[in-house]
Amino acid sequence: MTASHVPVLAGELIEALNPQPGEIAVDCTFGAGGHARLVAERLGPTGTLIAIDRDPVAEAHFEALAAEVPCRTRFLHASFADGLRELVAERIEADMVYVDLGISSMQVDTWERGFSYSYDAPLDMRMDSDQELDARTIVNAWDERRIAQLLREYGDERYAGNIARAIVRVRQEREIGTTSELVDVISNAIPARARFGGGHPAKRSFQAIRIAVNDELGQVDAALPLAWDLLRVSGRFAGISFHSGEDRRVKRFLAARAQGCTCPPSLPVCVCGRTPEAELIGRGIAPSAGEIASNPRSTSARMRAARKLREEDATT
């Protein structure tokens with residue numbers, strides 16, 4: 001594992017999941033296998049690690065890991081929502097399910113994938129190279145209003161309108177086909193005074209386009225209830241997010257399951273009979289100052305975790 005593939009919040013994840021020998025763990029976003037290796041080493045020869053990833057490159061990393069860890073292993077080449085759906089259909093009961101959302105260092109550092117604004121590469125940004133939609137299509141075919149909307153919603157980009165207009169203006173003359181060409185368009189669309197001090201001027205736009213290409217927030221919405229269904233009672237879930245939209249989804253999902261009585265405060269006794277489905281493990285765990293110093297990519301990371309207390313009521 002290279003330095004660029006150091007798993008984020010690794011110690012905190014292991015503490016929250018508390019893997020034990022003989023348990024079943026599901027890694028929803030295997031990537032380069034940093035978290036998976038730490039989990040697998042604790043499962044022992046009677047345990048099982050099931051890994052999911054839609055990136056074909058991840059399967060090669062998995063094969064290398066599978067040859068080294070003591071537990072049984074299985075790999076599913078699928079988006080994490082589709083992979084979880086398959087496991088639920090098989091009636092697998094997992095002791096832990098965890099997901100590391102967003103883009104992996106492995107993908108950022110593979111320059112030809114077009115994820116990074118730091119390298120000149122074809123506009124792509126697909127996590128699954130077999131899918132049709134890519135960044136080039138969004139930038140060159142979507143209308144101005146739609147581009148501006150995705151930049152605001154997924155990137156919190158203050159100058160979304162300026163950037164969308166600039167993209168449409170430039171592409172009327174020539175196709176925007178590389179990451180460097182897109183960076184130039186974005187930089188020129190942002191007022192000079194705003195280009196410095198807030199990180200790279202293209203950071204938010206690249207994030208937004210990547211999220212749209214891979215339907216990342218839609219995947220989260222679909223996957224969270226599937227992950228929870230997959231857990232046996234006393235099973236643990238953990239989600240690491242790097243984007244506020246992802247983190248809000250995980251936070252709200254777990255908070256709803258940790259809620260107990262919903263009766264109005266005016267009632268002297270509970271009549272709804274609702275008890276919590278989940279016990280929260282910590283609250284919005286962030287990386288330490290030391291981890292951020294050694295791995296700046298961890299800066300925006302947040303982990304939320306919970307333990308399953310009971311099965312969901314059939315009527316809910």
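- For the pair T179 (side chain) and A121 (backbone), a donor-acceptor distance under 3.5 Å is present.
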Practice task
Check the pair F237, V99 against side chain to side chain contact (heavy atoms under 4.5 Å, CB included), reporting the backbone distance first and the verdict last.
Solution key: CA-CA 8 Å; F237 170 85; V99 57; 3.9 Å; yes
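- With 3.5 Å as the limit, one finds no donor-acceptor pair spanning the side chains of D184 and S187.
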Handout entry: Test side-chain hydrogen bond (donor to acceptor under 3.5 Å, both in side chains) applied to R310 and T275, step by step
Key = CA-CA 9 Å; R310 63 175 177 84; T275 59; 3.0 Å; yes
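- Ring geometry, F75 versus F62: the interplanar angle falls from 30° to 60°, so the pair is classed tilted.
- Side chain of S294 to main chain of G290: a donor-acceptor pair is present (N/O by atom type, distance under 3.5 Å, no hydrogens or angles).
- Look at R145 and D143 and you find no salt bridge, because none of the NZ, NE, NH1 or NH2 atoms lies under 4.0 Å from a carboxylate O.
- Not one N or O on the side chain of K308 forms a donor-acceptor pair closer than 3.5 Å with the backbone of R232.
- At least one side-chain heavy atom of V97 sits less than 4.5 Å from a side-chain heavy atom of C28.
- For N18 and Q20, the side-chain atoms include at least one donor-acceptor pair closer than 3.5 Å.
- No more than 12 heavy atoms of other residues, nucleotides or ligands shown are found within 6.0 angstrom of CZ on R158.
- In this structure, the side chain of Q219 engages the main chain of A81 through a donor-acceptor pair within 3.5 Å.
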Exercise for the section: Given side-chain hydrogen bond (donor to acceptor under 3.5 Å, both in side chains), test T137 with D134 step by step and report yes or no. Expected result: CA-CA 6 Å; T137 300; D134 60 10; 2.8 Å; yes
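- Checking side-chain atoms of E175 against main-chain N and O of G177 turns up no donor-acceptor pair under 3.5 Å.
- Donor-acceptor pairing under 3.5 Å is lacking for the side chains of D247 and S244.
- For R257 and F253, the positive end sits near the middle of the six-membered ring, less than 6.0 Å away and at most 45° from its axis.
- What you find for A36 and L49 is that their closest heavy atoms are CB-CD2, 3.9 Å.
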